[in-house]
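So the structure is just underneath, and the comments pick up after that.
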Amino acid sequence: MKFEQFEVGARFHTAPYLMQLEEILQFASTYDPHYYHTDIEKAEKSLFGSIVASGMHTVVVSNREWVRLGLLEEDMLGGLGIDVRWTAPVFPGDRIRSEVEVLEKRERDETSGVVTFGFTGFNQNDEVWAKVKIKVVVAREQAAVLSERA
């Protein structure tokens, strides 16, 4: 979708994704090796009472499922920033999904605009595990016209 096609307030839904213990352990051992992500015995004595997924892992999964919707593809020109607020842990066996809302948009130049998307992450019980804002640069319809003239 081009910049002009996104309407503030529009909502999109990602497919649910099953967070599996093996994947949680593998991601965390490579990228976020805190004991409550990697050590089952220690995690049982932690604040969470169990292994939990790395917050970074959950955001990456949500982003992948968003990309798989195929709405942006080549029209996504780059990211400008992300603000993440985790509100609840994600456990092995949780099915996570996101509702993505277009929060803001502004023209950048002749060829692109900036869209702010708000992701709300839910588990299988509709409990919110995160709120995320992402600003991205999106191609404008005008960019296609300009490239055709060149």
Using a 3.5 Å distance criterion without hydrogens, assess whether the side chain of [X] forms a donor-acceptor pair with backbone atoms of [Y].
X	Y	answer
E65	S62	no
N123	E127	yes
T87	V128	yes
H37	V52	yes
W129	F122	yes
K133	V84	no
T116	L103	no

Minimal non-hydrogen separation, [X] against [Y], with atom names:
X	Y	answer
I96	M19	CD1-SD, 3.8 Å
D94	Q124	OD1-NE2, 3.0 Å
I134	V136	CG2-CG1, 3.6 Å
A130	W86	CB-CD1, 3.9 Å
M56	F27	C-CZ, 4.2 Å
R64	Y17	NH2-CE1, 2.9 Å

Please check if [X] and [Y] belong to a single hydrophobic cluster, counting links between Ile, Leu, Val, Met, Phe, Trp and Tyr side chain heavy atoms closer than 4.5 Å.
X	Y	value
L80	L71	no
L77	V138	no
L47	F91	yes
F48	L21	no
Y31	I24	yes

Inset, instruction - Would you indicate whether R108, at its atom CZ, is surrounded by more than 12 heavy atoms from other residues, nucleotides or ligands within a distance under 6.0 Å? - result: no

Inset, instruction - Count the heavy atoms belonging to other residues, nucleotides or ligands that lie under 6.0 Å from CZ of R95, then report whether that count exceeds 12. - result: no

Inset, instruction - I would like to know whether Y35 and S46 meet side chain to side chain contact (heavy atoms under 4.5 Å, CB included); could you show each step before the answer? - result: CA-CA 9 Å; Y35 72 92; S46 75; 3.8 Å; yes

When rounded to the nearest 0.5 angstrom, what is the spacing between [atom1] in [X] and [atom2] in [Y]?
X	Y	atom1	atom2	value
S112	R106	OG	CZ	9.0 Å
M1	M76	CE	CE	14.0 Å
Q26	H57	CD	NE2	8.5 Å
E44	S50	CD	OG	7.0 Å
E141	F3	CD	CZ	10.5 Å

Inset, instruction - Taking the side chain as every heavy atom from C-beta outward, state whether F6 and D75 have any pair of such atoms under 4.5 Å apart. - result: no

Inset, instruction - State, with a plain yes or no, whether a side-chain heavy atom of I82 is found less than 4.5 Å away from one of V59. - result: yes

Pairing of [X] and [Y] as salt bridge, 4.0 angstrom limit:
X	Y	result
E110	R140	no
R97	D126	yes
R11	E99	yes

Inset, instruction - From the options T38, T30, D32, select the one residue that forms a side chain to side chain donor-acceptor pair (under 3.5 Å) with S54. - result: D32

Inset, instruction - Mind running side chain to side chain contact (heavy atoms under 4.5 Å, CB included) on K105 and V8 for me, showing each step along the way? - result: CA-CA 7 Å; K105 58 185 268 192; V8 172; 4.0 Å; yes

Inset, instruction - Applying side chain to side chain contact (heavy atoms under 4.5 Å, CB included), run through V137 and V115 and close with a yes or a no. - result: CA-CA 6 Å; V137 180; V115 180; over 6 Å; no

Inset, instruction - Please test F12 against F117 for ring-ring contact (aromatic ring centres under 6.0 Å, His included), starting from the C-alpha separation and ending with a verdict. - result: CA-CA 10 Å; F12 307 91; F117 294 101; 7.3 Å; no

Legend entry - Quiz item: cation-pi between K131 and F119, 6.0 Å / 45°: no

